Amino acid sequence: MATTLIGTTPSWMRISIIPEVAPPSSIFRQSCLFFHKRFRSSSSRSFSISAEDKAEVVRVRFAPSPTGNLHVGGARTALFNYLFARSKGGKFVLRIEDTDLERSTKESEDALLRDLSWLGLHWDEGPGVGGDYGPYRQSERNSLYKQHAEKLLDSGYVYRCFCSNEELEKMKEVAKLKQLPPVYTGKWATATDEEVQEELAKGTPYTYRFRVPKDGSLKINDLIRGEVSWNLDTLGDFVIMRSNGQPVYNFCVTVDDATMAISHVIRAEEHLPNTLRQALIYKALGFSMPSFAHVSLILAPDRSKLSKRHGATSVGQFREMGYLPQAMVNYLALLGWGDGTENEFFTLEQLVEKFSIGRVNKGGAIFDSTKLRWMNGQHLGALPSEELTKLVGEHWKSTGILTASEGTFIQEAVQLLKDGIDLITDADKALSNLLSYPLPATLNSPEAKPVLEDKLSDFSADLIAAYDSGELLGALEEGHAGWQKWVKNFGKSLKRKGKSLFMPLRVLLTGKLHGPDMGASMLLLHRAETCGVVAPEAGFVTLNERFKMLRQLDWEALTKDQPPLESAAAISN
């Protein structure tokens with residue numbers, strides 16, 4: 001469903017489109033003043049502004065302010081714009097709204113561009129790319145805003161307001177006492193040319209105010225929210241240019257979207273109230289109205305607006321935490337959208353193919369960090385083995401656990417541990433856990449009691465003998481087949497199999513009751529001892545050190561629930 005401003009426009013309201021060059025004659029100004037006179041004197045009525053024919057090429061924009069980090073809500077808005085443009089064969093425009101000179105920074109802009117690029121949302125026009133509708137920073141478009149403001153002044157849609165801040169505050173106080181909306185009373189809307197010239201001669205500061213019709217209502221048809229309407233009598237004449245010559249947000253946005261030929265405005269629902277002012281400016285300037293689609297906010301689990309108090313909220317934070325861009329894109333797309341199936345996993349290309357603005361929900365979407373983490377793990381697991389190994393290997397080296405980022409040990413470690421990794425940063429804990437030997441804590445845990453009672457001391461003596469004879473190390477040298485053969489023979493010699501064989505083996509060799517495949521773990525530990533890539537900071541306890549600990553165990557103390565062991569660190573020292 002196309003986004004248009006619905007309804008039939010009365011004949012007296014159909015004004016001519018203002019050309020790029022202001023008309024030399026006074027006829028245009030008189031016709032506009034006639035429009036305002038007729039509109040203001042008419043009785044209250046509802047009306048709609050119809051959009052002009054849309055451009056054949058779909059053009060959307062993402063227009064962030066460089067005053068902070070890219071919030072996940074902004075990233076989702078950018079994503080929906082990107083998907084809509086790509087699905088329609090259109091253009092995705094990036095515009096930087098940096099008119100807030102005090103808060104806008106180059107650092108924030110650079111971070112915005114970096115985060116969007118990291119997500120894979122590459123823009124067709126904008127900073128660093130260029131285009132036919134630039135410049136793409138509002139701070140570089142001031143002459144354009146002034147040009148269009150003067151057109152509105154000449155045509156009568158805008159007038160100079162010389163009210164001081166004190167006068168405006170008094171108006172608000174009077175309106176509050178009368179329980180009326182705090183709208184401008186229109187003091188300078190009917191001023192004579194003589195009164196205006198007198199103030200200009202005195203050098204009195206002034207703003208540009210837009211004349212708002214006092215009766216009726218405005219309706220638009222939002223692509224997501226359906227019909228939305230406003231009563232004009234709640235608005236009041238609003239400022240489009242400040243007394244310092246700086247344009248106001250709603251005016252900038254309207255001029256920018258119109259002169260950049262934006263066909264669809266997809267933005268957060270908090271901008272919905274701005275549409276009324278913008279619609280009036282569009283019509284006054286004779287510009288075609290874009291279609292509007294207002295996306296609901298992203299909410300925290302308590303259904304409040306997602307904010308810093310709920311944890312990480314910016315794209316940059318999630319990137320630093322080890323999230324994959326494809327997982328972020330996938331998850332953000334599902335916040336308020338779905339393809340109508342049970343499928344939850346999409347690549348960016350698949351999202352482009354499936355996306356429809358009509359399937360975006362009106363209700364707010366809950367940001368579930370647990371599900372995002374899980375989804376990231378699924379995307380990690382789906383990566384090609386070489387890519388995953390490269391990512392994890394580089395991370396291990398950067399954090400100082402390993403002294404190299406590639407090699408057989410890294411390949412085997414990634415393959416063994418990948419199922420327990422949801423984030424790249426999880427790989428640190430997974431590898432450190434594998435290399436550690438927390439036998440004292442394990443044997444003193446309640447869960448280990450059944451293992452202890454199953455003649456674990458006798459089992460340990462036999463295992464030590466196998467190690468001292470060289471049988472165990474010889475089996476590990478032969479690889480997986482050697483390990484399996486040794487385990488089978490060892491079990492036969494003890495008349496053990498299944499859990500009664502593998503549980504005591506796991507406890508004594510790894511120091512843990514649970515973990516990844518024990519054979520692969522032992523082969524990896526043996527390789528760690530010989531390859532030399534494990535850094536001293538990793539806390540690696542070698543096989544030799546493990547068996548040294550086993551020889552020092554006080555089994556009698558264990559059975560009496562007394563601390564039987566020194567720490568691994570103390571023994572290895």
Side-chain angles (χ1 to χ4, degrees), residues 60-82 92-119 121-123 125-129 133-146 207 238-257 260 262 265-275 277-278 294-300 304-321 325 328 332 335 364 367:
V60 299
R61 49 72 166 179
F62 177 56
S65 298
T67 56
N69 297 320
L70 178 60
H71 188 273
V72 291
R76 185 191 59 170
T77 299
L79 174 62
F80 283 0
N81 274 280
Y82 176 91
F92 175 53
V93 179
L94 176 63
R95 183 175 72 229
I96 303 298
E97 298 191 342
D98 57 351
T99 51
D100 188 342
L101 300 179
E102 292 183 1
R103 297 175 60 220
S104 297
T105 66
K106 181 66 164 58
E107 292 76 17
S108 289
E109 180 181 325
D110 290 344
L112 283 167
L113 302 183
R114 182 173 61 250
D115 289 343
L116 288 172
S117 297
W118 178 73
L119 290 171
L121 307 182
H122 303 296
W123 49 99
E125 298 174 25
V129 177
Y133 295 83
Y136 293 92
R137 293 181 182 86
Q138 284 188 338
S139 59
E140 300 171 8
R141 298 171 64 85
N142 275 331
S143 61
L144 189 66
Y145 306 137
K146 291 176 181 176
T207 60
F238 56 90
V239 174
I240 66 165
M241 294 284 282
R242 299 182 180 90
S243 58
N244 63 0
Q246 287 297 310
V248 171
Y249 169 78
N250 280 302
F251 185 58
C252 294
V253 168
T254 306
V255 172
D256 287 341
D257 286 344
M260 289 182 177
I262 300 301
V265 173
I266 303 171
R267 58 188 181 185
E269 67 174 331
E270 58 194 357
H271 289 289
L272 186 59
N274 293 326
T275 310
R277 290 177 174 83
Q278 293 166 16
H294 288 89
V295 184
S296 294
L297 298 177
I298 295 179
L299 305 176
S304 64
K305 186 177 178 180
L306 187 67
S307 65
K308 292 179 180 178
R309 66 186 177 89
H310 298 108
T313 58
S314 74
V315 172
Q317 286 175 300
F318 285 107
R319 185 183 68 249
E320 291 170 1
M321 289 165 63
M328 284 298 301
L332 289 175
L335 291 178
F367 191 90

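None of these values were measured; they are calculated from a predicted model.
- Of all non-hydrogen atoms in Gly73 and Ile298, the two that sit nearest each other are CA-CD1, 3.7 Å.
- Judged by distance alone, the side chain of Gln317 and the main-chain N or O of Ser314 form a donor-acceptor pair under 3.5 Å.
- Remark: the backbone N or O of Val60 is not paired with any side-chain donor or acceptor of Asn81 at under 3.5 angstrom.
- Here salt bridge (charged side-chain N to carboxylate O under 4.0 Å, His left out) pairs that include residues 244-257, with residues two or more places apart or in two chains, are Arg61-Asp257, Arg95-Asp256, Arg95-Asp257, Arg141-Asp256.
- A 4.5 Å side-chain heavy-atom check between His294 and Arg267 finds at least one atom pair inside the cut-off.
- Considering CE of Met328 and CZ of Arg76, their distance stands at 12.0 Å, rounded to 0.5 Å.
- Side-chain atoms of Thr275 come within 3.5 Å of backbone atoms of Leu272 as a donor-acceptor pair (strictly under, hydrogens ignored).
- Closest approach of Asn142 and Pro247 over heavy atoms only: OD1-CD, 3.7 Å.
- The CH2 atom of Trp123 lies 10.5 Å from the CZ atom of Phe62; values are rounded to the nearest 0.5 Å.
- Rounding to the nearest 0.5 Å gives a distance of 10.5 Å between CD of Glu269 and OG1 of Thr77.
- Closest of all the heavy-atom pairs between Phe251 and Tyr145 is CE2-O, 3.3 Å.
- Of the inter-residue distances, the one linking Ser104 atom OG with Gln138 atom CD reads 9.0 Å to the nearest 0.5 angstrom.
- Just one residue in the list His271, Gln278, Glu270 forms a side chain to side chain donor-acceptor pair (under 3.5 Å) with Asn274, and that residue is His271.
- Note: Phe318 and Phe367 have tilted aromatic rings, judged against thresholds of 30 and 60 degrees for the angle between ring planes.
- For the pair Val315/Trp118, a side-chain contact is recorded, criterion being any heavy-atom separation below 4.5 Å from C-beta on.
- Panel note: side chain Ser243, backbone Thr207; no donor-acceptor pair is recorded below 3.5 Å.
- Considering all non-hydrogen atoms of both residues, Pro127 and Leu94 come closest at CD-O, 3.4 Å.
- Note that OH of Tyr82 and CD1 of Ile266 are 14.0 Å apart. Values are rounded to the nearest 0.5 Å.
- Among residues two or more places apart in sequence or in another chain, the salt bridge (Lys or Arg N to Asp or Glu O under 4.0 Å) test is passed with Arg242 by none.
- Arg277 CZ to Ile240 CD1: the interatomic distance, rounded to the nearest 0.5 Å, is 12.5 Å.
- When every heavy atom of Phe92 is checked against every heavy atom of His122, the shortest pair comes out as CD2-O, 3.8 Å.
- Using a 4.5 Å cut-off on side-chain heavy atoms (C-beta onward), Val93 and Tyr133 make no contact.
- When all heavy atoms of Leu112 and Ser65 are compared, the closest pair comes out as CD1-O, 4.0 Å.
- Counting heavy atoms from C-beta on, the side chains of Glu125 and Met260 never come closer than 4.5 Å.
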